[in-house]
Each structure stands twice: as structure tokens, then as C-alpha cells.
Asks: 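One structure, as C-alpha cells, below. Some questions next.
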Amino acid sequence: MISDDLVQFLKNNFPRNTGDIRECLELLHEAIEDTMDSISDRVALITKGKQRLFSEAINFLNMAEQVGPILQTIDQYTEKLDLDGEDEPDTQSLADDTKVYKEIPNYSDYLVDTDLVHTLYEGYTNKRPFAFELGDKRVETKNWKDLYLQTCEILVETERDKFLGFVASPRMSGKKMKYFSQTVEEGMRTPRKLQCLDVWVETNFSANHIRNLIVKMLREYDIPVASFKIYLRADYSELHE
């Protein structure tokens with residue numbers, strides 16, 4: 001376990017990097033949880049067949065048991081790196097960046113191939129989305145907030161009641177504010193109301209935090225995370241080096 005002194009040093013001097021590390025740990029937690037679900041599905045499959053391979057099932061369960069302590073360790077690190085319990089704001093916008101450039105960049109130099117497929121297991125700091133695919137729908141998008149909201153709209157259309165359940169779910173909320181609410185609650189920074197449901201969605205998150213929330217939502221819907229495809233418009237990472 002990393003020392004409290006190191007954690008405090010990172011929080012005080014590199015809060016954005018600390019937030020990035022925490023978000024990566026949250027994503028790792030979701031990926032491992034997804035793997036655990038896959039193991040459970042495999043165990044159910046091999047014990048229901050004509051040849052019930054119980055010894056093989058026991059082996060799978062033993063392997064799964066070893067994952068538990070790993071998840072606990074990840075959760076401990078995530079808790080330590082929590083920025084005083086605050087939910088991460090959206091620090092992605094170039095317009096809000098405090099970095100001063102000697103020359104005005106030619107942003108067209110940072111456009112990327114919009115046909116290249118990206119996944120929810122990638123980092124999206126300083127990158128701009130062009131479109132995303134979920135199921136049989138491809139949607140063009142202006143920014144990460146728009147991508148997030150449009151993803152919510154599609155999920156509502158898929159199963160309205162399940163999405164409505166996010167309002168009362170602690171797993172789908174932050175420590176100091178609700179991410180989904182039927183009213184604009186105190187603490188929400190940039191809530192947006194969905195078009196197809198009387199639910200307000202908090203949107204003031206970084207790109208990677210939005211990525212993590214989409215992963216959580218897909219898992220709640222039993223939709224494979226790998227089925228969600230992202231297409232980028234631009235990558236401004238060089239401007240922030």
C-alpha cells in the first residue's frame with residue numbers, strides 16, 4: 001500500500017494526475033467485475049450440460065476466489081486517491097485550460113481518422129469524440145457531454161425502468177452529489193434533463209469519468225462493454241505536453 005505521505009503529495013501537487021489515476025483504477029475495477037461475471041456464466045454453462053464437469057467448475061471458482069483480494073486492494077487505492085471526496089469536474093475543455101501557448105495552434109493539425117474504432121478501455125484525456133455506436137445505432141456527437149447524454153437516451157429507449165433505477169442506486173451516484181435525479185438537487189453542477197425521461201443527469205465530468213460511467217451503465221444493462229465503439233475527431237494531447 002502506498003504511504004499516506006505520497007498520496008497527500010500527489011493530491012497537493014498533481015491533483016489532475018491523481019484524478020486520472022483514480023479513474024483508471026475505477027475502470028480496472030469494472031473490467032475485473034466484468035471478468036468475474038464471465039467466470040460465473042462459464043460455471044453455470046459447464047454445470048448445466050449433459051456432462052456436468054463439476055471438477056472444472058470448482059477450478060473456475062477457485063480462480064475467481066483469488067480475484068477478491070485484488071478488487072479489495074484496488075478499492076483501497078481508489079479510496080486513498082479520492083480528492084477529499086469530491087467528484088471530478090470536467091477539465092477537458094481546451095477553452096478552460098490555463099496553459100498559455102506562445103503561438104495559436106493550428107487545430108486542424110490534430111484531426112484524426114474518424115473511421116478508426118476505439119473502445120471504452122482507452123484513455124480520452126485531451127481527445128474529442130466524433131461519433132459512437134451502441135447496438136445498431138451510430139450517433140455523431142459534439143463533445144463528451146453530448147456523447148454521454150445521447151448514450152443515456154438510447155439506454156432509456158432500451159429499458160426505461162432500468163434506467164430510472166439509477167436514480168436510487170448508490171453505485172450510480174457520487175459521494176457528494178447524485179449523478180441521476182428526478183429533480184435538480186443541491187450539489188449538481190451541470191445537470192441536463194433527458195428528452196425521453198423526467199431525469200436530470202449530471203454532466204460536469206472529465207472524458208475518462210464519463211467513460212467509466214458508461215461502462216457502469218452498460219454492465220447494469222448486461223450489454224458487453226466491447227460492443228460500445230467510439231470514433232474520435234481530434235487528439236490534442238501534444239498541446240498539453
Side-chain angles (χ1 to χ4, degrees), residues 4 7-8 10-30 33 74-98 120 123-126 128-129 132 139 141-221:
D4 292 338
V7 170
Q8 200 57 50
L10 293 174
K11 287 182 178 181
N12 293 340
N13 294 280
F14 307 99
R16 181 171 180 174
N17 298 97
T18 303
D20 287 342
I21 294 171
R22 189 177 189 279
E23 287 171 346
C24 288
L25 288 173
E26 289 176 346
L27 181 62
L28 177 59
H29 179 102
E30 293 299 326
E33 287 276 14
I74 292 173
D75 288 342
Q76 289 171 0
Y77 277 111
T78 302
E79 186 69 24
K80 272 183 168 285
L81 293 169
D82 186 19
L83 295 172
D84 299 323
E86 293 291 340
D87 300 300
E88 284 296 298
D90 181 2
T91 56
Q92 292 296 106
S93 175
L94 285 175
D96 296 333
D97 202 312
T98 56
L120 288 170
Y124 290 105
T125 301
N126 301 321
R128 286 290 178 272
F132 71 93
V139 182
T141 183
K142 299 177 294 184
N143 50 48
W144 291 109
K145 292 180 184 180
D146 184 47
L147 181 147
Y148 181 45
L149 287 171
Q150 298 216 51
T151 299
C152 290
E153 298 281 3
I154 292 174
L155 292 177
V156 171
E157 292 176 4
T158 302
E159 192 172 343
R160 186 185 186 91
D161 289 343
K162 185 177 289 291
F163 194 95
L164 196 57
F166 293 168
V167 172
S169 172
R171 171 176 162 74
M172 302 304 294
S173 290
K175 290 190 174 182
K176 290 196 172 183
M177 70 169 159
K178 298 194 71 171
Y179 294 167
F180 305 92
S181 177
Q182 292 188 286
T183 60
V184 177
E185 297 198 5
E186 184 179 355
M188 297 182 84
R189 298 189 184 101
T190 316
R192 294 288 184 268
K193 187 177 181 298
L194 297 179
Q195 296 180 5
C196 55
L197 188 66
D198 288 333
V199 169
W200 292 82
V201 178
E202 176 59 52
T203 63
N204 192 43
F205 301 122
S206 68
N208 287 339
H209 197 95
I210 286 174
R211 172 204 62 194
N212 290 355
L213 286 173
I214 292 175
V215 170
K216 285 186 177 182
M217 291 193 299
L218 294 178
R219 293 194 69 244
E220 292 293 320
Y221 271 78

Asks: Suppose we screen for salt bridge (Lys or Arg N to Asp or Glu O under 4.0 Å). Which residues come up paired with D161, at least two apart in sequence or across chains?
Replies: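 If we apply the salt bridge (Lys or Arg N to Asp or Glu O under 4.0 Å) test to D161, skipping adjacent residues, there are no hits.
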Asks: Taking C-beta and beyond as the side chain, do K142 and P129 meet within less than 4.5 Å on heavy atoms?
Replies: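 Of all side-chain heavy-atom pairs linking P129 with K142, none is under 4.5 Å.
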Asks: How long is the span from the NZ atom in K11 to the CG atom in D4, to the nearest 0.5 Å?
Replies: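 If we round to the nearest 0.5 Å, K11:NZ and D4:CG are 9.0 Å apart.
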Asks: Would you name the heavy atoms of M172 and F180 that are closest together and state the gap between them?
Replies: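 Closest approach of M172 to F180, heavy atoms only: O-CD1, 3.4 Å.
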Asks: Just wondering, do M177 and E186 contact through their side chains at under 4.5 Å, heavy atoms?
Replies: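 Sidechains of M177 and E186: no contact.
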Asks: Do the side chain of T190 and the main chain of T203 share a donor and acceptor less than 3.5 angstrom apart?
Replies: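 The answer is no, because no donor-acceptor pair under 3.5 Å joins these two groups.
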Asks: From W144 CH2 over to R128 CZ, what is the distance, rounded to the nearest 0.5 angstrom?
Replies: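 Here the rounded value is 9.0 Å.
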Asks: Strictly distance-based, threshold 3.5 Å: is any side-chain N or O of E202 a donor or acceptor partner for the main-chain N or O of R189?
Replies: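 Checked: pair present.
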Asks: Can you label the angle between the F205 ring and the Y179 ring as parallel, tilted or perpendicular, going by 30° and 60°?
Replies: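 If you compare the ring of F205 with that of Y179, the planes turn out perpendicular.
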Asks: With heavy-atom distances below 4.5 Å as the criterion, would you say the side chains of K193 and D198 are in contact?
Replies: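 A side-chain contact exists here, since the closest heavy-atom pair is under 4.5 Å.
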Asks: Taking all heavy atoms of C196 and all of V156, pick out the closest pair and write down the distance.
Replies: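 Smallest interatomic distance, heavy atoms only, reads SG-CG1, 3.5 Å.
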Asks: Nearest 0.5 Å, what's the CG-CG distance between N208 and L27?
Replies: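 Separation between the atoms: 8.5 Å.
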Asks: Going from CD on E153 to CG on L155, what distance comes out if it is rounded to the nearest 0.5 angstrom?
Replies: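 These two atoms lie 10.0 Å from each other.
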Asks: Dump the intermediate steps for side chain to side chain donor-acceptor pair (under 3.5 Å) on N12 and Q8, then the final yes or no.
Replies: CA-CA 6 Å; N12 293 340; Q8 200 57 50; 3.1 Å; yes
Asks: Okay, side chain of S169, backbone of G165: is any donor-acceptor separation there less than 3.5 Å?
Replies: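 No, the answer is negative, given that no donor and acceptor are paired below the 3.5 Å cut-off.
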Asks: Do D146 and V139 touch side chain to side chain, with heavy atoms closer than 4.5 Å?
Replies: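 Result no, sub-4.5 Å side-chain heavy-atom pair not found.
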Asks: For the backbone of V184 and the side chain of S181, can you confirm whether one donor and one acceptor N or O come within less than 3.5 Å of each other?
Replies: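 No; judged by distance alone, with no hydrogens or angles, the pair does not exist.
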Asks: Given side chains that start at C-beta, do those of Q182 and L164 come closer than 4.5 Å, heavy atoms only?
Replies: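 Of all side-chain heavy-atom pairs linking L164 with Q182, at least one is under 4.5 Å.
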Asks: Side-chain contact test, heavy atoms from C-beta onward, threshold under 4.5 Å: evaluate it for L120 versus L218 and give yes or no.
Replies: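 Contact flag for L120/L218 side chains = yes.
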Asks: Rounded to the nearest 0.5 Å, what's the gap from CZ on F166 to CE on M217? Could you check?
Replies: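 Spacing of CZ (F166) from CE (M217) equals 6.5 Å.
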Asks: Does the E220 side chain pair with the main chain of K162, one donor and one acceptor, at a distance under 3.5 Å?
Replies: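 Not confirmed, E220 side chain does not pair with K162 backbone.
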Asks: Heavy atoms, side chains only, cut-off 4.5 Å: are I154 and Q150 in contact?
Replies: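 Contact flag for I154/Q150 side chains = no.
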Asks: Give a yes or no answer on whether the side chain of T183 reaches the backbone of E185 with a donor-acceptor pair at less than 3.5 Å.
Replies: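 Side chain of T183 to backbone of E185: no pair is present.
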Asks: Might you point out which heavy atoms bring I74 and L25 nearest each other, and give the distance in Å?
Replies: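 Heavy atoms only, the tightest pair is CG2-O, 3.5 Å.
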Asks: Counting distance only, does the side-chain N/O of S173 pair as donor-acceptor with the main-chain N or O of K178 below 3.5 Å?
Replies: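 Not at all, since once roles are kept as given, no pair shorter than 3.5 Å links the two residues.
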Asks: For the CH2 atom of W200 and the CG atom of L194, what is their distance to the nearest 0.5 Å?
Replies: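 It comes to 10.0 Å.
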Asks: Would you check if the side chain of N212 reaches a backbone N or O of E23 as a donor-acceptor pair within less than 3.5 Å?
Replies: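 Confirmed, N212 side chain pairs with E23 backbone.
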Asks: Determine whether a donor-acceptor pair (N or O, by modelled atom type, separation under 3.5 Å) exists between the side chain of Y221 and the backbone of F163.
Replies: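 Such a contact is found between Y221 side chain and F163 backbone.
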Asks: Does the pair I214 and L147 meet the rule for a side chain to side chain contact (heavy atoms under 4.5 Å, CB included), with working shown?
Replies: CA-CA 10 Å; I214 292 175; L147 181 147; 3.5 Å; yes
Asks: Search all heavy atoms of K145 against all heavy atoms of I210 and return the closest pair with its distance.
Replies: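 What the structure gives for the nearest pair is N-CD1, 4.1 Å.
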